[in-house]
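Since the structure comes first, as structure tokens, the remarks are kept for the end.
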Amino acid sequence: MNSFVYDIPVKVYFGQNQLSNLGKELQKYGKRVLLTYGGGSIKKMGLYDKIVAEVKKAGLELFELSGIEPNPRITSVNQGAEICRKEKIDVLLAVGGGSTIDATKFIGAGAFHDGDVWDILTGKVSITHCLPIITVLTLSATGSEMDTAAVISNLETKDKIGYLHPMLLPKVSFLDPTHTFSVSSYQTACGAADILSHIIEVYFNMNQDLYMLDTVAEGLMKTVIKYTPIAMKEPDNYEARANLMWASSWAINGFLNGGKMQAWSCHPMEHELSAFYDITHGLGLAILTPRWMEYTLDETTAAKFHQFGCNVFGMDKDREPMAVAKKSIDMLSDFFFNTLGLKSTFTEIGIDETHFSIMAKKACGGGVLPGFKPLNQQDIETIFKACL
Ligand code: NZQ
Ligand code: ZN
């Protein structure tokens, strides 16, 4: 295991009725609060009213930015940063899924940049500060509630850029599984695919000395596989929603990748799909991941797939490794496309070959995407074609 620093200082309030602590947490950071949210799901589920009541009860001044899009746009981020500067906002309160939280992270950083926040994402300028962020999560998927990442889209340039910085880490996150009861069956499935992908991106690694991390990863994957169908069938099943919510945070909060030499593969490829076609992130990952697995499976990687098949899908350890490896990919496909009912090809979601070449080039930055198996533009194009 390589040396590493683990430093994820996010205070988590997990469970029901924790919003009574929201006011006191906000008060620690100031008086002027910018509430950010998406297209209105928080109003439909009654959460908006509860949040406003808590903020008012704490005697704080409330400002709002609504309408943050799925695959959040830089235009919304710029709008939010402008409000922060104009209204001298002290603290940000993001209520929603990964899109709202990600946009809020860049609103917090953008508040200190007097210009287009896209300049930070493209690396023209650095993050200097970020306003404190408190999140109330409503969708188990991205892990943004407990990680240093944010992903922002620019429709004009057809770019979707992921960015990591310790200053983007939320100070406090409220994880109440009941806030996810209203998530649709489809978004629950896409969220599950995203959580699984975060784990798979670090689990498929050639290091041999990661037993402890691998065992935790396998437990998290089994959790997602066990509870997603239950949450889809019974949206208000607390046990299922709670297990998915905590799994989403731990899949990507910096714990699983500590000690590994690692680089991600399916995420860079998927971000190009979302950038060009504005598809749901988890759906793109579900279609890509089994094809990426098929492409990377060979004699040198089969042992890892064998481990995956045996420890996650309960396959027989004594069977021939390559047979187990192939079967494990089939079982993951079966989970995504039959159990979760997600579409299984690009063709079904309106993606054809038109942009494969440029998307592949952008995914690997014109060079090589390092990872479980290094991929160049040609490799990525081949994987894209296998998804048609
Ligand atoms: O806009 P609203 O009305 O909130 O509706 C949302 C949206 O339509 C809805 N929703 C959320 N909570 C709900 C709900 N509907 C009913 N009840 C609720 N409780 O679900 C839809 C999708 O929401 P969104 O926030 O876009 O989904 P998700 O959490 O999957 O976030 C996706 C974004 O996060 C990025 C993705 O690329 C994508 O842009 N990612 C962020 C990461 C990170 N910060 O670490 C890592 C990920 O790999 C990912 O790239
Ligand atoms: Zn993801």
Side-chain angles (χ1 to χ4, degrees), residues 8 10 35-48 65-74 76-77 94-106 133 135-155 159-165 168-170 173 175-202 231 235-236 241 244-245 248-254 257 264-275 277-286 288-289:
I8 307 295
V10 182
L35 167 65
T36 55
Y37 57 99
S41 65
I42 68 160
K43 289 197 169 166
K44 277 191 215 127
M45 66 197 266
L47 181 57
Y48 174 86
L65 174 71
S66 62
I68 293 173
E69 312 82 359
N71 295 328
R73 320 290 197 235
I74 189 63
S76 293
V77 171
V95 183
S99 294
T100 292
I101 299 174
D102 282 6
T104 307
K105 288 176 174 178
F106 266 95
I133 298 165
T135 83
V136 179
L137 183 67
T138 66
L139 201 170
S140 304
T142 67
S144 190
E145 66 277 7
M146 212 177 166
D147 78 9
T148 60
V151 189
I152 306 296
S153 295
N154 186 327
L155 290 188
D159 283 311
K160 181 172 183 180
I161 300 182
Y163 195 104
L164 286 92
H165 197 287
L168 299 177
L169 203 62
S173 283
L175 309 189
D176 180 342
T178 67
H179 294 158
T180 63
F181 283 0
S182 56
V183 176
S184 67
S185 175
Y186 169 69
Q187 284 294 345
T188 302
C190 291
D194 193 20
I195 302 169
L196 275 180
S197 177
H198 297 154
I199 304 165
I200 286 169
E201 296 273 27
V202 293
D236 55 358
R241 293 295 193 183
L244 291 174
M245 192 168 236
S248 91
S249 302
W250 279 85
I252 190 176
N253 70 1
N257 58 321
W264 291 24
S265 305
C266 292
H267 272 69
M269 291 192 269
E270 195 296 312
H271 284 168
E272 296 309 322
L273 299 178
S274 306
Y277 295 96
D278 198 19
I279 62 164
T280 304
H281 174 62
L283 174 63
L285 290 169
L288 276 166
T289 303

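Because the structure is a prediction, the values reported are computed rather than measured. Remember, it's 1-based here, ligands and their atoms both numbered in the order they're listed.
Proximity to T138 (heavy-atom distance under 4.0 Å) selects the following atoms of ligand 1: 11 (C), 12 (N), 13 (C), 18 (C), 19 (N). Numbered from 1 in the order shown, with element, the atoms of ligand 1 that lie under 4.0 Å from a heavy atom of N71 read 38 (C), 39 (O). Each of the atoms 39 (O) of ligand 1 lies under 4.0 Å from some heavy atom of P72. Distances below 4.0 Å separate heavy atoms of Q187 from the following atoms of ligand 1: 20 (O), 21 (C), 22 (C). Below 4.0 Å from some heavy atom of D194 lie the following atoms of ligand 1, by number and element: 47 (C), 48 (O). Using a 4.0 Å cut-off to heavy atoms of S182, the atoms of ligand 1 that qualify are 16 (C), 17 (N), 18 (C), 19 (N). Using a 4.0 Å cut-off to heavy atoms of H267, the atoms of ligand 1 that qualify are 48 (O). Counting atoms of ligand 1 from 1 in the listed order, those under 4.0 Å from a heavy atom of S144 are 44 (N).
A side-chain donor-acceptor contact under 3.5 Å links N71 to the backbone of I279. Looking only at distances, a side-chain donor or acceptor of T180 sits under 3.5 Å from a matching main-chain atom of P177. Under the 3.5 Å distance criterion, the side-chain polar atoms of E145 are left unmatched by any main-chain donor or acceptor of V136. One N or O on the side chain of K105 and one on the backbone of S144 form a donor-acceptor pair closer than 3.5 Å.
For I101, no heavy-atom contact with ligand 1 is shorter than 4.0 Å. Under 4.0 angstrom from ligand 1, the non-hydrogen atoms of H179 all belong to its backbone. Counting heavy atoms closer than 4.0 Å to ligand 1, residue D102 contributes side-chain atoms (C-beta onward) but none from N, CA, C or O.
By the 4.0 Å heavy-atom criterion, H271 is counted among the residues contacting ligand 1. The closest approach between G191 and ligand 1 stays at or above 4.0 Å for every heavy atom of the residue. By the 4.0 Å heavy-atom criterion, K160 is counted among the residues contacting ligand 1. Put simply, no part of S184 is less than 4.0 Å from ligand 1, judged by heavy atoms. The closest approach between any non-hydrogen atom of E270 and ligand 1 is not below 4.0 Å.
Any N or O atom pair closer than 3.5 Å counts here, and T180 shares no such pair with ligand 1. Residue-to-ligand polar distances place H281 within reach of ligand 1: an N/O pair is separated by less than 3.5 Å. Residue G98 has at least one nitrogen or oxygen atom sitting less than 3.5 Å from a nitrogen or oxygen atom of ligand 1, judged on distance alone. Residue K105 has no N or O atom closer than 3.5 Å to an N or O atom of ligand 1. Between M45 and ligand 1, not a single N/O pair is under 3.5 Å apart. For a threshold of 3.5 Å applied to N or O pairs, the pair formed by D147 and ligand 1 contains at least one separation below that value.
Distance check, rounded to the nearest 0.5 Å: CZ of R241 to OG1 of T188 gives 4.0 Å. Between I133 atom CD1 and I101 atom CD1 the span is 9.5 Å, to the nearest 0.5 Å. Distance CG/L169 to CG/D147: 7.5 Å, rounded to 0.5 Å. If you take OG on S184 and CG on L139, they are separated by 8.0 Å, rounding to the nearest 0.5 Å.
The salt bridge (Lys or Arg N to Asp or Glu O under 4.0 Å) search around D159 returns K362, not counting sequence neighbours.
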For T138 and I42, run side-chain contact (heavy atoms from CB on, under 4.5 Å): C-alpha distance rounded to whole Å, both residues' side-chain angles, the deciding distance at 0.1 Å, then the answer.
CA-CA 8 Å; T138 66; I42 68 160; 4.2 Å; yes

Candidate pair Q187 and T280, rule side-chain contact (heavy atoms from CB on, under 4.5 Å), full reasoning:
CA-CA 9 Å; Q187 284 294 345; T280 304; 4.1 Å; yes

Step by step, would you call S197 with H267 a side-chain contact (heavy atoms from CB on, under 4.5 Å)?
CA-CA 8 Å; S197 177; H267 272 69; 3.1 Å; yes

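Nearest to atom 34 (O) of ligand 1 among the protein's heavy atoms is T142 CG2, 3.3 Å. Of the protein's non-hydrogen atoms, the one nearest atom 1 (O) of ligand 1 is G39 N, 2.7 Å. If you check which protein heavy atom lies closest to atom 27 (O) of ligand 1, you get L139 CD1, 3.6 Å.
Counting only non-hydrogen atoms, the option in A141, A103, P70, G143 that gets closest to atom 8 (O) of ligand 1 is P70. The closest heavy-atom contact to atom 13 (C) of ligand 1, among the options G38, S99, A94, S41, comes from S41.
For D194 atom OD1 and H198 atom NE2, the angle they make at the Zn ion (ligand 2) is roughly 80°, to 10 degrees.
Looking only at N/O/S atoms, H267 comes nearest to the Zn ion (ligand 2) through NE2.
Taking every heavy atom of both residues into account, I68 and P72 meet most closely at CG2-CB, 4.0 Å. Minimum interatomic distance between H198 and A141 (heavy atoms only, all atoms of both residues): CE1-O, 3.6 Å. Nearest heavy-atom pair across I199 and A251 is CG1-CB, 3.6 Å. Closest heavy-atom contact between M45 and H179: CE-O, 3.0 Å. Of all the heavy atoms in D102 and A149, the pair that sits closest is OD1-O, 3.7 Å.
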